[in-house]
Amino acid sequence: MHELLLFASVPAHQHHELLQQLTGLTAMQPRHRLERRLIFKATRKPGLVNARGGSSREVQGADLVRLNKMLNGQMFYTQVVGPVSDADFNVKPTSSESSDASMAGTDEAPGSSYDYDSQPWKLEFRDIPEAGTRSTITARLAASAALPKGDIVTPMNAWGYSFVTEYVVEGDTFIHNDIVIFLHRVLHYPIQGQEPHEPRRQLPSFKELLPLERTGSYVLQAAIAVQDGSNQELMRTASQHLFGLREQLKSAVRLEQADRLSLDTRAK
């Protein structure tokens, strides 16, 4: 699958106004989206991984085929993405529960609704964008596949990938014909001593998350997925649709291609 994209930076003060404009353009209410994104680095030589042997009972059929193809390519950083909700961040323990937790010697929040063992995941592979083609649009190979729920580190380690870090993406999604519009920002977890060596099993209050961009700005991403990237007619049509959206939004934001090397996912 190929992914065609355009991006724009949106200042914090323009966020609400742009949400209203996108609501009018797409004739739909924004769909709020919260995701945990875990970054893993390939640590093994290509061609040595069998996903079937990596505790992947929940991965079947076409997902298993895609997974083996992604894991056996060149060495890349790759994302494991898990959807979460506002309630997963905001539910706090009562004072008595907090006291019980302290006496038990654990930092976990007993009142939290978040269940790490039931967290669904998917692996997202994004290749480095193509060079020298469709110069005004970012184009890259993309693929995704379902992963087992809960503890994802064990199977990822078995497949030759080590955990690096994680962050949260928060934003709103719109659908405009065949274009997925995602107005979002990247959030970091509060710094509490040393960076953990595995994904967090409990989530902090949402108010404690810190924006990566200190000015509070957002990123507007417009994307079209093309199943057959070798079909030039489909690629041309998708590009024209993105150009059309860029024209419709030119009075509000400036949609542009991304810097190719800023999206380089290769592990060196």
Side-chain angles (χ1 to χ4, degrees), residues 1-11 14-15 18 21-22 25-26 30-31 33 35 37-42 66 69-70 73-81 122-145 167 169-187 211-213 215 217-268:
M1 180 179 75
H2 263 72
E3 188 177 46
L4 304 185
L5 308 112
L6 289 174
F7 300 89
S9 178
V10 180
Q14 191 183 345
H15 176 253
L18 184 57
Q21 289 176 302
L22 291 173
L25 174 66
T26 60
R31 298 177 184 172
R33 185 164 146 192
E35 295 175 341
R37 296 197 178 185
L38 318 181
I39 304 299
F40 287 82
K41 179 181 179 179
R66 285 195 297 271
K69 186 175 181 180
M70 285 186 276
Q74 297 183 43
M75 294 179 71
F76 285 88
Y77 287 95
T78 191
Q79 277 193 141
V80 173
V81 180
K122 66 177 178 178
L123 183 70
E124 286 192 351
F125 170 77
R126 299 293 183 266
D127 202 350
I128 181 173
E130 298 173 358
T133 58
R134 291 174 289 278
S135 58
T136 56
I137 283 182
T138 298
R140 63 186 180 187
L141 284 170
S144 63
Y167 60 95
V169 168
E170 183 261 341
D172 295 280
T173 301
F174 298 85
I175 307 297
H176 183 57
N177 299 322
D178 52 355
I179 304 174
V180 178
I181 303 170
F182 188 28
L183 180 60
H184 65 282
R185 58 179 177 164
V186 173
L187 303 172
L212 174 64
E213 176 53 58
T215 63
S217 64
Y218 287 72
V219 174
L220 181 65
Q221 173 186 293
I224 294 182
V226 179
Q227 293 299 325
D228 183 4
S230 63
N231 188 319
Q232 293 304 307
E233 184 61 32
L234 287 178
M235 296 291 279
R236 186 161 40 250
T237 299
S239 299
Q240 291 172 350
H241 290 178
L242 283 176
F243 292 147
L245 178 66
R246 183 175 66 181
E247 185 68 20
Q248 288 177 295
L249 293 176
K250 68 178 183 180
S251 62
V253 293
R254 183 178 178 181
L255 282 166
E256 301 176 302
Q257 69 174 143
D259 175 63
R260 179 172 176 267
L261 295 182
S262 70
L263 299 177
D264 189 346
T265 56
R266 293 172 294 184
K268 299 177 177 67

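Quick note: residue numbers are just sequence positions, from 1.
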To the nearest 0.5 Å, what is the distance between [atom1] ([X]) and [atom2] ([Y])?
{"X": "L5", "Y": "I224", "atom1": "CG", "atom2": "CD1", "result": "9.5 Å"}
{"X": "Q240", "Y": "L4", "atom1": "CD", "atom2": "CG", "result": "11.5 Å"}
{"X": "L242", "Y": "I179", "atom1": "CG", "atom2": "CD1", "result": "5.0 Å"}
{"X": "R254", "Y": "L220", "atom1": "CZ", "atom2": "CG", "result": "14.5 Å"}
{"X": "H15", "Y": "L18", "atom1": "NE2", "atom2": "CG", "result": "7.5 Å"}
{"X": "Q221", "Y": "I181", "atom1": "CD", "atom2": "CD1", "result": "10.5 Å"}

Flag side-chain contact, heavy atom, 4.5 Å: [X] against [Y]:
{"X": "H2", "Y": "R140", "value": "no"}
{"X": "M1", "Y": "L141", "value": "no"}
{"X": "V226", "Y": "N231", "value": "no"}
{"X": "L255", "Y": "F7", "value": "no"}
{"X": "Q257", "Y": "I137", "value": "no"}
{"X": "I39", "Y": "V80", "value": "no"}
{"X": "P30", "Y": "F174", "value": "yes"}
{"X": "L123", "Y": "Q79", "value": "no"}

Begin from the C-alpha positions of L245 and L6 and carry the test side chain to side chain contact (heavy atoms under 4.5 Å, CB included) through to its verdict. CA-CA 10 Å; L245 178 66; L6 289 174; over 6 Å; no
Mark yes or no for whether [X], through its side chain, and [Y], through its backbone, hold a donor-acceptor pair below 3.5 Å.
{"X": "T78", "Y": "E124", "result": "yes"}
{"X": "R126", "Y": "A143", "result": "yes"}
{"X": "Q14", "Y": "S217", "result": "no"}

Given salt bridge (charged side-chain N to carboxylate O under 4.0 Å, His left out), test R185 with E213 step by step and report yes or no. CA-CA 8 Å; R185 58 179 177 164; E213 176 53 58; over 6 Å; no
Taking ring-ring contact (aromatic ring centres under 6.0 Å, His included) as the test, write out the residues that go with F182, two or more places apart. H184
Check: T173/R31 side-chain N/O donor and acceptor closer than 3.5 Å: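 There is no such pair between these side chains.
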Can you name the closest pair of heavy atoms from [X] and [Y] and give their distance?
{"X": "P11", "Y": "S9", "value": "CD-O, 3.9 Å"}
{"X": "A252", "Y": "Q21", "value": "CB-OE1, 3.4 Å"}
{"X": "T136", "Y": "R246", "value": "O-NH1, 4.4 Å"}

Test E170 against Y218 for side chain to side chain contact (heavy atoms under 4.5 Å, CB included), laying out the working first. CA-CA 10 Å; E170 183 261 341; Y218 287 72; 4.3 Å; yes
H241 and N177: side chain to side chain donor-acceptor pair (under 3.5 Å), yes or no, with the steps? CA-CA 9 Å; H241 290 178; N177 299 322; over 6 Å; no
Begin from the C-alpha positions of D172 and R33 and carry the test side chain to side chain contact (heavy atoms under 4.5 Å, CB included) through to its verdict. CA-CA 6 Å; D172 295 280; R33 185 164 146 192; over 6 Å; no
